[in-house]
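Taking it in order: structure first as C-alpha cells, then the write-up.
No experiment lies behind these values; they were computed from the predicted model shown.
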Amino acid sequence: MLQRIVLSLLLATWFYVDCNPGPIDDIAVDRYFIPKPCVREVKSGDFVRYHYNGTFTDGKRFDSSYDSGTAFFGQVGHKWQIAGVDKGILGMCVNERRRITVPPHLTHSSQAAGGTVPPDTTLVFDLVLLDIFNRADQVQTKVLTTPKDCKRSVVRTDFVRFHFNASLLDGTVFDSSYKRSQTQDSVVGEGLLIKGLDEGLLGMCVGEIRHFIIPPFLAFGEKGYGTDIPPHASVVYHILLEDLHNPKDDIIVEFKKAPEPCTRKSVAGDYIRYHYNASFLNGITFDSSYQHNKTYNTYIGLGYMIAGIDKGLQGVCTGEKRRIILPPHLAYGQQGAGKDIPGSAVLVFDIHVIDFHNVKDPVQVEIGNKSAGCNETSEVNDFIQYHYNCSLLDGTLLFTSSDYEAPQDVLLGGGKIIDGLDEALRNMCVGERRTVLVPPHLGHGEKGAGIVPGSAVLRFELELVSLQKGVPEGYLFVWLEDSPVQLFEALDINQDQQVPLEEFSQFIKQQVSEGKGRLKPAQDADSVITDMFKNQDRNADGLITLDELKLKSDEDAEKARHEEL
C-alpha cells in the first residue's frame, strides 16, 4: 500500500514544504541489527531494494511490501521515496534492519495519503535492505584460491565447465550446480551467459575459485528471471572452474621420461601395451590400468581408441612416460561416456609405455661378446645348453636359469621352446652372450602363458654353455668321414655274413669314439643304435644281411630319383 499510495502517488511529486512541527524535528533511526561484515553502505545515487512494514507510532500497520510480495526498488536521493526514508536509509548495509521514525514534515506534510495516512502523522518504517548497486558498478571479483601451476586461463570463445553456488545479495540461494550434480557448461564471450559471468570468467585457471558480485544490469536486469530472481537484483556467484578448452585445440603432449637410446618409435599399425592413469583437468582420477592390474593393449593408428590417444601414442619409445591432454572433440565429445566421464570433458592421460611391436617384426639380436677363435656355431638339430634371463621390457624378471642347478638344454628346431628363442639361439658359439628381443607372435602370443602377459615382447639375456652338433632331420647317425667302402664287411666282425645287434652296436660306438661318426644327440646312445638296427633289419629276424643293408643317404637319393620319374 505505501509503495503504491505513499511512495508512488505522493512522492513522485513530493517537495519540501514548511508545516507545523510534529513530535520530533528530524528522523529517528534505530539500527537494531547490523550484519558483520558490512562491505558496502548506501549512499546517495545508489539503487536499493528493500522490504518494509509501515506503521503509526501506536504500532498499527498501514502498509507492507510483504503483503504485495514485491520489495520496493528505487534510487536514493532522487525523490523515489519519501524524504524521511530517503534520508534514513543512508549508510545501511545489506541485511541490516532499521526502524526509521519520520516526522510529518518529512513524510507528506499536512496532506493525507489516500485516506490511509491522516495528515500531520508521524510514521514508522521497519526496513530490511535486500540489495544495493550503482550504475557505475562493475563485476566485483574476489579470487579465493588459484592453482600454483596455471599454464592456461580462460579467454573468449573458450568452452568452460564450472560448478557454482548462486544467491541474491542478501544470501538467498536461487541455484546451485552442486545440487544437480552437473557442471554448468558454456562458451565464454558469445552471449550465452549473463554479461557479468562472461566478464568474470575471463582469466580463470582450472581449479581456481572466484567470488563474483554482479549488479543487475550485468545480470538479469529489470525483469529478473523466473520466480527466484526478482527484478533489479544483484547476484552473487561462487565459482569453481573445472575444465577449459577451445574447439580449435589439438592434443597436448608433455614428455615426462624419454629413455635413451630409443632404437625405434611407434608408428601406425603397431600393437602397444601401456599403463595409464586417466583424470580430469582438476586432477580427479576416473580410471587407471594399475587398478585393473593389467596393461591396456591395442593397435594404434587404426581407430581402435579415442582419436586423441590414437594420435598421442604414435612416436613413443618403449619405456617412455608422457602426458596426453585431450580436448573433448578428440575424446568422448559432448556426450561423455558412462557415469564417470561427463560431456565436453577435457581428459588427461598419464601413460607409461611398456612395449610395442609390429606383426612384421623379426627377432632382434644384439651380440655382447663372441670368441674370435670360434669355428663351430649352433644350428638346427644341435643339442645345446645355455643360461638365460627372461624379462619384460619394463625390467620385470619372469624366468632365469639361475633358479636351477644346471643350464637349460634343448634340441634346436625340436619345437620345445618358443620360436623366437629357438631362432635366437642359432649361429652362436660356446661362451657367446646375446641380448634378444622376441615379439609376441614369435613368443607366447596374444594370450601369454602363465606369468607372461598376453602380447608381451620378451627380452632374453643368453649365454651358450655347450654345444653338441646334431644330425639332419630323419637321421640317427651321420658319418663325419667317408664311410668304409666295404661297410657290411666292416660291420660283420666275425665274418659270418650276418650282423646281430651286438656287432652293429660295437661298430657304431667305435666310429663315434674315433670321431668318424656322430649319433643323434640328447638321446640314449643304445636306444638310438637299436632304432638304427631295426631300420636295417628289414625282415625283423634280429640279423642284418648284405641285401638288407642300405645307407640312408642312398635310400634318400633313390627315393628322389623315383619322385623325379
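- Annotation: cation-pi geometry not satisfied between Arg210 and Tyr237 (NZ/CZ under 6.0 angstrom from ring centroid, within 45° of ring axis).
- Of all heavy-atom pairs between Met92 and Leu127, the closest is CE-O, 4.3 Å.
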Could you walk me through whether Leu347 and Tyr332 pass the side-chain contact (heavy atoms from CB on, under 4.5 Å) check? CA-CA 9 Å; Leu347 306 182; Tyr332 292 100; 3.5 Å; yes
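- Remark: the backbone N or O of His163 is not paired with any side-chain donor or acceptor of Thr183 at under 3.5 angstrom.
- At most 12 non-hydrogen atoms from other residues, nucleotides or ligands lie less than 6.0 angstrom from NZ of Lys195.
- With a 4.5 Å cut-off on side-chain heavy atoms, Arg49 and Leu169 do not count as touching.
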Yes or no on salt bridge (charged side-chain N to carboxylate O under 4.0 Å, His left out) for Arg459 and Glu461, after CA distance, side-chain angles and deciding distance? CA-CA 7 Å; Arg459 175 189 282 114; Glu461 296 171 340; 5.9 Å; no
Using the rule given for side-chain contact (heavy atoms from CB on, under 4.5 Å), can you reason through Phe174 versus Val235, listing the C-alpha separation, both sets of side-chain angles and the distance that settles it, and then say yes or no? CA-CA 9 Å; Phe174 63 82; Val235 291; 3.8 Å; yes
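- Of the inter-residue distances, the one linking Glu366 atom CD with Arg434 atom CZ reads 11.5 Å to the nearest 0.5 angstrom.
- Residue-environment remark: OH (Tyr304) stays at or below the threshold of 12 foreign heavy atoms within 6.0 Å.
- For the side-chain hydrogen bond (donor to acceptor under 3.5 Å, both in side chains) with Arg273, the qualifying choice from Asp355, Thr298, Asn297 is Asp355, the only one to do so.
- Residues Leu240 and Gly207 come closest through the heavy atom pair CD1-O, 3.7 Å.
- Judged purely by atom type and a 3.5 angstrom limit, Thr107 has no side-chain atom pairing as donor or acceptor with the backbone of Val102.
- Side-chain atoms of His444 and Leu458, non-hydrogen and from C-beta on, do get closer than 4.5 Å to each other.
- Screening Ile324, Ile251, Ile306, Leu326 for a side chain to side chain contact (heavy atoms under 4.5 Å, CB included) involving Lys311 leaves a single residue, Ile251.
- Contact check on Arg180 versus Asp175 returns a salt bridge, with a Lys/Arg side-chain nitrogen under 4.0 Å from an Asp/Glu carboxylate oxygen.
- Distance check, rounded to the nearest 0.5 Å: CD of Glu208 to OG of Ser153 gives 8.5 Å.
- Minimum heavy-atom separation, Ala456 to Pro440: O-CG, 3.6 Å.
- Within the 4.5 Å cutoff, the side chain of Arg152 has no heavy atoms near those of the Ile325 side chain.
- Rounding to the nearest 0.5 angstrom, the gap separating the CG atom in Asn282 from the CD atom in Glu242 is 4.5 Å.
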Could you give me the CA-CA distance, side-chain angles and deciding distance for Tyr52 and Gln81, then say whether side chain to side chain donor-acceptor pair (under 3.5 Å) is met? CA-CA 12 Å; Tyr52 68 90; Gln81 54 195 340; over 6 Å; no
Please assess His292 against Asp287 for the test side chain to side chain donor-acceptor pair (under 3.5 Å), listing each intermediate value before the final yes or no. CA-CA 9 Å; His292 306 312; Asp287 194 12; 2.9 Å; yes
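- Between the side chain of Ser289 and the main chain of Tyr276, a donor-acceptor pair closer than 3.5 Å is present.
- Ionic pairing of Lys43 and Glu41 is not present here: no N-O contact between side-chain nitrogen and carboxylate oxygen is shorter than 4.0 angstrom.
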Before giving the answer on side-chain contact (heavy atoms from CB on, under 4.5 Å), spell out for Asp131 and Phe73 the whole-Å C-alpha distance, their side-chain angles and the decisive distance to 0.1 Å. CA-CA 9 Å; Asp131 205 337; Phe73 170 75; over 6 Å; no
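- More than 12 heavy atoms of other residues, nucleotides or ligands sit less than 6.0 Å from atom CZ of Arg426.
- Between Phe133 and Phe47, the ring planes lie parallel to each other; the angle is under 30°, not in the 30° to 60° tilted range.
- Between the side chain of Asp170 and the main chain of Asn95, no donor-acceptor pair closer than 3.5 Å is present.
- Under a 3.5 Å cut-off, the side chain of Asp310 and the backbone N or O of Ile300 do not form any donor-acceptor pair.
- Side chains of Arg322 and Tyr274 form no contact here, defined as non-hydrogen atoms less than 4.5 Å apart.
- Taking CD1 of Ile252 as the reference point, atom CG of Asp250 lies at 8.5 Å (rounded to 0.5 Å).
- At least one side-chain heavy atom of Thr141 sits under 4.5 Å from a side-chain heavy atom of Phe212.
- Side-chain atoms of Asn369 come within 3.5 Å of backbone N or O of Arg433 as a donor-acceptor pair.
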Passes side chain to side chain donor-acceptor pair (under 3.5 Å), Asp126 versus Tyr32? Steps please. CA-CA 10 Å; Asp126 198 320; Tyr32 65 90; 2.6 Å; yes
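- A 4.5 Å side-chain heavy-atom check between Thr295 and Pro453 finds every atom pair outside the cut-off.
- Using modelled atom types, no side-chain atom of Asp270 and backbone atom of Ile272 make a donor-acceptor pair closer than 3.5 Å.
- Counting all heavy atoms, side chain and backbone alike, His51 lies closest to Gly69 at CE1-C, 4.5 Å.
- Ile309 places a side-chain heavy atom less than 4.5 Å from the side chain of Ile351.
- Side chain of Asp243 to main chain of Val346: a donor-acceptor pair is present (N/O by atom type, distance under 3.5 Å, no hydrogens or angles).
- Across all their heavy atoms, Val154 and Leu241 have their closest contact at CG2-CD2, 3.6 Å.
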Which is it for Phe399 and Ile451 under the side-chain contact (heavy atoms from CB on, under 4.5 Å) test, yes or no, and what are the steps along the way? CA-CA 9 Å; Phe399 311 103; Ile451 62 173; 3.8 Å; yes
Could you go through Asp422 and Lys416, starting from their C-alpha distance and side-chain angles, then the distance that decides it, and tell me whether this counts as salt bridge (charged side-chain N to carboxylate O under 4.0 Å, His left out)? CA-CA 9 Å; Asp422 196 288; Lys416 299 298 184 181; over 6 Å; no
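- When all heavy atoms are compared, the tightest approach of Thr146 to Val143 is CB-CG1, 4.3 Å.
- The backbone N or O of Glu463 lies less than 3.5 Å from no partner atom in the side chain of His387, so there is not a single donor-acceptor pair.
- Heavy-atom neighbours of Lys223 NZ from other residues, nucleotides or ligands within 6.0 Å: at or below the threshold of 12.
- The CG atom of Asn389 sits 5.5 Å away from atom OG of Ser402, with the distance rounded to the nearest 0.5 Å.
- Using cut-offs of 30° and 60° on the angle between ring planes, the pair His329 and His245 is tilted.
- By the 6.0 Å contact criterion, OH on Tyr225 is open, its count of non-hydrogen atoms from other residues, nucleotides or ligands being 12 or less.
- Residues Glu96 and Val42 have side chains not in contact (no heavy-atom distance under 4.5 Å, counting atoms from C-beta outward).
- The distance from atom CZ of Arg31 to atom CD1 of Ile100, rounded to the nearest 0.5 Å, is 10.5 Å.
- The main-chain N or O of Gly45 is found under 3.5 Å from a side-chain atom of Gln75 such that the two form a donor-acceptor pair.
- For Glu254, the CD atom counts as densely surrounded, since its 6.0 Å shell holds more than 12 non-hydrogen atoms of other residues, nucleotides or ligands.
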